[in-house]
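Have a look at the structure below before the remarks.
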Amino acid sequence: MTPLGIVGAGAWGTALANAAAAAGAPVVLWARDPDHAREMAETRANARHLPDVPLATSVRPTSALTELSGCDAILLVVPAQAVREVTTALAFVLPTHAPLVICAKGIERDTGFFLSDVVADLRPGAPVAALSGPSFAHDVAIGLPTAVTLAAPDPILAATLAARLSGRALRVYHSLDLRGVEIGGAGKNVLAIACGAAIGRGLGESARAALTARGFSELMRVARAYGGRAETLMGLSGLGDVVLTCASAASRNFAFGERLGRGASVAEAAGGKLVEGAFTANALSALARARGVEMPIADAVAALVAGRAGLDETMEALMSRPLKAED
């Protein structure tokens, strides 16, 4: 079988490598750092990002991008803000027919572009897809039951890639709604920060439930404005991911918000780790404004992360908005 390439050897990339191997695919796992690739090859584990989880035997770590040239599909598992840089490098290596599956959940901060548009600009004519849904890396890596969605404009490609990644524990549904899947994945991180901040501030479970429900309504509105389907947002890559991320302290975005709620600075709350929702909040807010969509919770998170407003001020503004019919 032709190998599957995975670009990015963090926790999620490693988890997907194990899942793809369990589904029967040989896997080339690319790491930026040659020492990291060598460590994984020698120890058969990713001690830096997913300790105590052995690498599947059919996963081959490497730091050479050229070794991906023989792969017939690539999972791009790098942070959202690194997608442009890494795709630029891959464009010189990959054959045009090889699809690139975006596994990051975010929006490019500097341009406000959706990640699929970034990839399409850099690889004109090449297939692009996105993988998203309620999933924690450790669960997937050790084979706990998980379901996600893979979206691509080409129905045959979407179904083929979903079947190739699906195994005993990972079930991959397919969709044609690339935009809806992207917005659900990016937006849920912003909502998770809001919910975490409410819990960290001691505002209670009722506040978390209200933020989750009203925030999800915001996602539905902006998705429709950009051509996404309501059914997609009601599925795994929308509601499913919102439920998981807004309710679990294991979510990095939720934990970041919770620390903000307890009074930590943005830098202290991040703790040196990547928090995708902190980058996405302002971009999502700007996209909504561009289409005349109101997203007060996303706006509030953007203001909080940027230091334009404190948490108490933000919550007071949300609670004092004019009353209206629920949409």
Side-chain angles (χ1 to χ4, degrees), residues 80-81 83 102 104-120 128 130-134 149 151 153 175-198 208-246 251 253-254 257 275-306 308-309 314 317-318 321-322 324-327:
Q81 308 311 316
V83 164
I102 301 162
K105 300 174 181 179
I107 297 166
E108 191 172 53
R109 177 178 55 179
D110 293 339
T111 64
F113 288 176
F114 292 106
L115 300 183
S116 63
D117 293 335
V118 174
V119 169
V128 61
L131 180 75
S132 191
T149 299
S175 169
L176 303 181
D177 188 7
L178 180 58
R179 188 63 80 231
V181 165
E182 285 191 287
I183 289 174
K188 62 89 184 181
N189 286 331
V190 179
L191 301 188
I193 293 174
C195 290
R208 172 169 27 195
L211 287 167
T212 302
R214 294 307 303 160
F216 182 66
S217 179
E218 292 184 10
L219 287 188
M220 293 280 282
R221 291 198 297 271
V222 77
R224 284 195 296 266
Y226 281 91
R229 299 202 314 255
E231 308 94 282
T232 303
L233 271 292
M234 289 300 297
L236 290 165
S237 58
L239 181 60
D241 219 352
V242 167
V243 169
L244 177 68
T245 312
C246 291
S251 159
N253 290 278
F254 180 91
V275 182
E276 290 281 23
F279 292 111
T280 300
N282 194 60
L284 182 63
S285 183
L287 285 171
R289 287 195 304 274
R291 294 290 171 94
V293 177
E294 284 194 339
M295 295 192 76
I297 295 174
D299 293 344
V301 173
L304 182 65
V305 170
R308 297 193 300 269
T314 297
L318 286 173
R321 283 174 53 80
K324 63 174 188 173
E326 185 176 22
D327 55 359

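Predicted, not measured: the structure shown is a model, and the values here were computed from it. Worth knowing before you read on, the calculation uses all heavy atoms, side chains too, and leaves out hydrogens, waters and symmetry mates. Residue numbers count from 1 along this sequence.
What you find for Leu211 and Ala198 is that their closest heavy atoms are CD1-CB, 3.6 Å. Annotation for Gly180 and Leu233: closest pair O-CD2, 3.8 Å, computed over non-hydrogen atoms. Contact record, Leu219 with Leu284: CD2-CD2, 4.4 Å, taken as the closest heavy-atom pair. Of all heavy-atom pairs between Gly277 and Val190, the closest is O-CG2, 3.9 Å. Heavy atoms only, all atoms of each residue included: Ala298 and Glu218 are closest at N-OE1, 3.3 Å. When every heavy atom of Leu287 is checked against every heavy atom of Phe114, the shortest pair comes out as CD1-CZ, 3.8 Å.
Judged by distance alone, with hydrogens and angles left aside, the side-chain atoms of Gln81 form no donor-acceptor pair with the main-chain N or O of Glu108 at under 3.5 Å. The backbone N or O of Glu294 lies less than 3.5 Å from a partner atom in the side chain of Arg221, making a donor-acceptor pair.
In this structure the side chain of Cys246 never reaches within 4.5 angstrom of the side chain of Lys188, judged on heavy atoms. Counting heavy atoms from C-beta on, the side chains of Tyr226 and Ile183 come closer than 4.5 Å. Counting heavy atoms from C-beta on, the side chains of Asn282 and Arg109 never come closer than 4.5 Å. Between Met220 and Arg224, the closest side-chain pair of non-hydrogen atoms falls below 4.5 Å. When side chains are defined from C-beta on, Leu115 does not count as touching Lys105, because their heavy atoms never get closer than 4.5 Å. Side-chain contact between Phe279 and Val305 is absent, with no heavy-atom pair separated by less than 4.5 Å. Within the 4.5 Å cutoff, the side chain of Leu191 has no heavy atoms near those of the Thr245 side chain. Side chains of Leu131 and Thr149 form no contact here, defined as non-hydrogen atoms less than 4.5 Å apart.
A donor-acceptor contact closer than 3.5 angstrom is absent between the side chains of Ser132 and Glu182. Ser285 and Asp299 form a side-chain donor-acceptor contact under 3.5 Å, judged by distance and modelled atom types alone.
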>> Run Arg214 and Glu326 through side chain to side chain contact (heavy atoms under 4.5 Å, CB included) and show every step you take.
In response: CA-CA 9 Å; Arg214 294 307 303 160; Glu326 185 176 22; 3.4 Å; yes

> Is there a side chain to side chain contact (heavy atoms under 4.5 Å, CB included) between Val128 and Leu178 once you walk through the steps?
Replying inline: CA-CA 9 Å; Val128 61; Leu178 180 58; 4.3 Å; yes

>> Go through it in stages, so that I can follow the logic: the residues are Val242 and Thr212, the test is side chain to side chain contact (heavy atoms under 4.5 Å, CB included), and I'd like the CA-CA distance, side-chain angles, deciding distance and then a yes or no.
In response: CA-CA 7 Å; Val242 167; Thr212 302; 3.7 Å; yes

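A search for side-chain hydrogen bond (donor to acceptor under 3.5 Å, both in side chains) contacts involving Arg229 returns nothing, not counting sequence neighbours.
Distance check: Leu176 CG to Thr232 OG1 gives 9.0 Å after rounding to the nearest 0.5 Å. Atom CD1 in Ile193 sits 5.0 Å away from atom CG in Asn253 (nearest 0.5 Å).
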